[in-house]
Amino acid sequence: MNLQLITLEVVVTLIGATILLGSLWLPADKRRHLPLVAAAALVVLLIAHCFAMGVDTTTTLHGFGGGIVQDGFAICLKRLFLASAAFVLAMSAPFVERLRAGPGEFCALILFALVGMLFAASANDFVMLFVSVELITVTFYVLTSFQRHETRSLEAGAKYLILGGVATGLMVFGISLIFAGSGTMSLREISKLDPLPNLMLFNAGLLLVVAGLGFKIAIVPFQLWAPDVYQGSPTPVTAFLAVGSKIAGFALLMRLLRHTSRPETGFLLDALAALAAFSMIYGSLCAIWQRQLKRLMAYIGISSAGYLLIGVIAMAKGFDGTKAILFYLAAYLFAAMATFTVIGLISKEGEDERSEILNGLHKRSPGLALTLTLSIVSLAGIPPLAGFFGKFLLLQLLLEMAVNNAAYYWLLGIALACIVASLAFFFGIIRAVYWPSDVALSRATAPAAPIPTSLPLKISLAICVTGIILLGLQPDVFLDLIQETVRAFRWQ
Amino acid sequence: MAPLALIALFLPLASAVAIALFTRRNASVSAGISIGASLGAFLISALIFNQLRGATAPETLNPNWLSIGDFKVDFGVTLDALSQLMLLVVTGVGSAIHIYSWGYMRADRSVSRYFAGLSLFMFSMLGIVLARNFVQMFIFWELVGVSSYLLIGHWYERASAADAAKKAFITNRIGDFGFLLGILMVWAALGTINFSSIADIMKANPLALGALGTGTGLLIFCGCVGKSAQFPLHVWLPDAMEGPTPVSALIHAATMVAAGVYMLCRVFILFTPEALSVIAWIGGGTAILAALMAVQQNDIKRILAYSTLSQLGYMVMAVGLGGPATAMFHLTTHAFFKALLFLGAGSVIYALHHEQDIWKMGGLKSKMSVTFWTFLIATLALCGVPPFSGFFSKDEILALALGHNMPLFVIASIVAVLTTFYMFRLVIVAFINPAKSDPASHAHESPSVMTLPLVFLAVLTIAGGFIGIDKLYEVALGKTELGNHTVAMAAGLGAFAIGLIAAWTLYANATADSLTTRLGAMAHWMRDRFYFDECYEWLNRWTQELLATVADWFDRWIIAGAGVKGLSLAAELGGGLLRLMQTGNVQTYALLIALATALLFWRYIL
C-alpha cells in the first residue's frame, strides 16, 4: 500500500463525491455553477500537482502489488487528463441548461471518468488496465446518452454501449489468453519472462487486447462507432471522448507495448503500421466530404490516431517516441478543446452541428472565428502552429525508422499524402467562417448576433490559443519540459 | 584621401534622405540642401584632385563588407586619375545642373521630390565612379537605374512619362542581366572581382580568362549596351526625354549614359581583341544609325537625344578601337557641351512655355542672346570646330579610327557630316530663321539662375581642349596609338564644311522641311527610328503571347487538370466510397469489427 501513488485519483473521487452531495443541498438555481466549481477545483489540483505536491518525476515508484506505477510518463499524462477534464467542465457550464438530468451528476460522471483515465496512466498490470478501461467506458455509456430527451443522444449511447461491449469482450478474452500464455497478469513480470510458456496463446491475446484498445483510440478497423457517437453525444462529452478517452487508450497501449515488445511479438508492430496507414487514409478522405462538425472531428481524431501510432511503433522499436507522442497529444488537446468549445457555443439546442452554423461567424464573433480558425489550422498541420510541429516530430521518427526498414518509406509517403489531403476540410471551414457564399448566408435563419461567451470560457479559449501558438513557435521549451519529466523514463 | 571621397559620396545620400524625411513640404529648403550637397561634393572632388593631381591614392577599404561563403566583397574607393577626373565632371556638371534646375523647376508642384531624386542620382553615380570592385559597381549601377526611373517618371501623371520610365528601366534590365552574368564569369575565372586584382592578374597573364574570354568581355559589355544605350538597346534613351530637361542634361546626356563607357575603360584590360572589335562595330553602328535618325526629328530634345546616342557610339567605338583614353576624353568634353546643349534647349523650352517643336520656334537669336551664343558654342564644339573642346576629342577619335580600322573611319566621317547637318538644321530653324509662332515672337531670356550655369558650361566647353584633360587620361589609361592627325583633321573639318553648307542651303529661311519630300520613304524610316520600337513591341507581344498561351495551357491542363483536379477527384471519390461503410447500423458495425479482427488473426497469428 502506497497511497501517495493514488493521491490524484483519491482527490478527484472526493471532488466528484462532494459535487454529488453539493448538488443535493444546493438550491436548483445555484447548481448550474457546479461545472465551474469542479473545473476550478481541477485547475487548483493541476497547479498544486505541478508545483506544490513535491511530485518527483525522476523516480519510478511501484505499488499495490505492482498494479500501479508512477513515473514521468504517467505524471505527464495525468496532467494532460486533468487539463482536458478542466476544459470539458468549463465548456459544460453554458451547456447545463440542455442537460435536463441535472448538472451535479454530469460533473460527477466526468470526474469519475477522469479517475479512470488517471488510473489508466498508471496501470501496470492487466487487472488495472481492465478496471481503468471499464471505469472510463461505463461512465461514458451514461455520459453519451445524457441528453435523454434527444433521440440522437440516446442513439449514441446505445451504439457506444453495444460496440463498447464488443470491444470489452475482445479485451477480456485477450487478457485471459495472455494469462493462459504467460501465467501472470503483471506487465513487469511478462517483460521478464523468457521464453514465454505459450507464445501462440500469448500473441493471440495480445492482438485481442490491442483490438480492444484500438476501439478506445478509434483506429481502423475499430473506428466505426466514432462518427455516430461523436455526433450524438452532448458536445462536452464528445470533447472528452475525443481527447481524454483517446489519450487514455494510447497510454495503455504504450505501456502494454513497452512490456511486451520483443522479437517474437514483432508482428504486432507490422499490424499496427498497416492500421496506422489505414487510419490516416480513412480519416483524411472521409473528412473531405464531412460537413457535420462533430463527425468531422471524429475523422480528424481517427487520422490523428493513425499519426500517433507511428510514434507508438517507434517507441516500441526503441526510438525516442515518447516525446513526440506527448507533444502531439498536447497539441491535439488544445486544438480539439478549442474547437469543441466553439462548436458548443455556436450550436443551439437540438440543432445538428453542420458547417452552415459557422456561416458568417467572422462577422458575429471575430474572436471565436479566429480561435476556431487557429485550431483547425493546427489540426490540419499547417505551420507554424502546434499541430504542424507534432506531425513533424512523428514524421521525423518515421524517417529514422525508414533508415533500417525501407517499408516505412511507404508509411511516410502515405502520411504526407494524408496531410495534404486533410487541407481540404480546413479550407471548407475557413471559407464558411470568413467568406460564406451568398446562398449559404440567405439560407441561414439565425440572426447575426454576437455569441455570448462567459469569462471562464474566454479564459479557457485563450489558454488553448496560447498553447496552440506557443507550442508551434517555441516547441523547444515544451519539449525540454517533457524531457525533464520523462528523463528517468526509459523503455527497457 | 579615401575618407574625403567617402564624404563626397555620402553627402548627396544624406541630402536625399533629409529631403525625403524632413523637408518635403518646403521646396526652397529642399533645393538648397540638394544644391549644397552637390556643390560640397564638387569642392571635395576639387580638393582631392588638387592633392593627388592624377596620382593613384593608396587604397583603404573595409575588407569584409559582404561575405557569402568564399565570396567576399570589400567596400572601398578607387582614386586614380580616371576616377578623379570623372568625379570632377560628375560633380561639376551636376552642380551647374542642380543650380539651373532651381530656375527651371520653380513652378513645379513637387520640387522636393525632384531634388531628392537628383541627390539620389548623384550618390549612385559617384558610387559607380568610386567603385573598386564589380559588386560595388553593380549595386550603384542599379541605383543609378532606379534614380533614372524616378526622374524620367517625375511627371508620372503623364502616361508617356510613366511609360518612358518603365521602358528605360526594363531595357536597362536586359543589359544588366548580361552584365551580372559577365561579373559572375569573371569571378568564376579569376576568383576576384576587385578591379585592381583583375588588372594584376590580366597583366601577368593576358589569357587568364581562358577560352571564354571573348564571351565574358561581351557579357560585361552588355551592361554598357544597356546603360549607354547602344544598338540594339538604344530605344529607351529618346523616350527618356519625357523627363524634365535638366534631368535629360545630367543623366541622359552628360553622366549616367556615360557610365557604360566609364565602366569599359575601368576594366579595359579584360577585353580580348575579338571582343574589342565587336565593341567597335556596335559603337560605329550606333553612331551612324542615331545620326540618321536625328536628321528627321522635329522635337528639339529628341534631336539632342539622338545626337547623344550618336556621340556615345563614338566613345564606345573609340574603346573598341583600343583608345580608352580617347573615349574618356570625348566623354568629358561631351559632358560639357551636351549638358550645355540640353540646358540651352531647356532655356528655350522654358521661354516658349514648353514648346518643343523646332518648326514652331525661330527668331530666338536676338531675343535670347545668352542662350543662343552658348548654344552655338556647344554646337560648334559638337561639330568639332577648333578651338572648341569637341574638336580635340573628336579629332582624336577620327585619328584613332584612321589608324586602326578604315571602314569605321569612313563611317565616323559620315557621322561627322550628319552631326553638323542636323545640329545646324536645329540652330538655323530654331534660332536664326524668323519666328513662326506666337510664343516664339514673345520669348524672353531666361532668369540668370539658368543662364549662369550656361555660361559656366560654355567656358568649360571652350577651355576643355586646352587644359590637359587628355594627358591626364593617358596617365591613367595609357597612351593611345593614333593615326595620321592631319588627314583626320582634314576629314573632320571637311565634314563640318559639307554639313554646314548642306544645312544652310536647305534650311535658311525655310518654313518646312523640304528634305522630307526629297528623301521620300527614307525620311519616314529616319523619322520613325527605323521602326525599332515597333519591331520590339511586336516581338515582345508575340513572345509574351506565346509564353502566356503555353503557361496557361500548362496550368490549366497539367497542373490544375491532371494535378490538382485529378488528385482531388480521386480523394473525394475515395472519401465518398469510404463513407458508404459508415451506415449508422450497429449490427453492421459489430459485424465489421468481428470480421476485421478475424482478418487480423488470419493474417498475423495463424
Side-chain angles (χ1 to χ4, degrees), chain A residues 155 158-163 165-167 169-170 173-174 199-208 210-212 214-215 220-228 231-232 265-268 270-271 274-275 278 281-290 295 298-299 417-418 420-425, chain B residues 64-71 544 546-606:
Chain A
E155 182 194 330
K159 278 182 182 165
Y160 194 63
L161 175 68
I162 294 169
L163 296 172
V166 172
L170 291 175
F173 186 39
L199 185 66
M200 171 92 170
L201 280 183
F202 182 80
N203 278 350
L206 209 52
L207 188 71
L208 287 175
V210 168
F215 176 84
V220 173
F222 314 103
Q223 88 295 1
L224 290 159
W225 60 277
D228 295 12
Q231 182 182 10
T265 59
F267 78 96
L268 198 58
D270 298 342
L275 298 190
F278 286 127
I281 296 172
Y282 187 88
S284 316
L285 288 187
C286 289
I288 293 173
W289 280 95
Q290 197 47 249
R295 289 185 83 90
Y299 291 122
C418 289
V420 174
S422 62
L423 294 181
F425 75 77
Chain B
N64 268 335
W65 180 60
L66 189 81
S67 79
I68 305 157
D70 295 341
F71 184 65
Q544 275 183 8
L546 189 76
L547 269 176
T549 313
V550 171
D552 177 63
W553 184 87
F554 190 77
D555 190 64
R556 196 178 295 251
W557 297 109
I558 306 294
I559 294 184
V564 178
K565 286 222 186 85
L567 280 179
S568 76
L569 205 70
E572 283 184 15
L573 209 67
L577 285 176
L578 285 177
R579 232 154 53 121
L580 296 179
M581 228 196 292
Q582 213 78 48
T583 53
N585 185 317
V586 188
Q587 289 93 322
T588 318
Y589 289 177
L591 182 68
L592 281 172
I593 289 177
L595 280 179
T597 315
L599 191 72
L600 284 174
F601 248 83
W602 173 74
R603 170 77 180 75
Y604 290 106
I605 304 291
L606 298 177

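Because the structure is a prediction, the values reported are computed rather than measured. Below, chain A is the first sequence line, B the second, and so on; all start at residue 1.
The contact between A:Asp228 and chain B is made entirely by side chain atoms (from C-beta outward), counting heavy-atom distances below 4.5 Å. For a residue to count as touching a neighbouring chain, one of its non-hydrogen atoms must lie under 4.5 Å from one of that chain's; by this rule A:Ala287 does not touch chain B.
Here the side chains of B:Tyr589 and A:Val166 are not in contact, with every heavy-atom distance at 4.5 Å or above.
Counting non-hydrogen atoms of other residues, nucleotides and ligands closer than 6.0 Å to OH of B:Tyr604 gives a total above 12. For A:Phe267, the CZ atom sits in a packed shell: over 12 heavy atoms of surrounding residues, nucleotides or ligands are nearer than 6.0 Å.
Note: B:Ile593 CD1 to A:Gln223 CD = 8.0 Å, rounded to the nearest 0.5 Å. To the nearest 0.5 angstrom, A:Leu206 atom CG is 8.0 Å from B:Ile605 atom CD1.
Counting heavy-atom pairs closer than 4.5 Å to chain B, the top residue among A:Leu163, A:Val420, A:Ile288 is A:Leu163.
With B:Thr597 as the partner, the side chain to side chain contact (heavy atoms under 4.5 Å, CB included) test is satisfied by one option alone out of A:Val210, A:Leu207, A:Leu170: A:Leu170.
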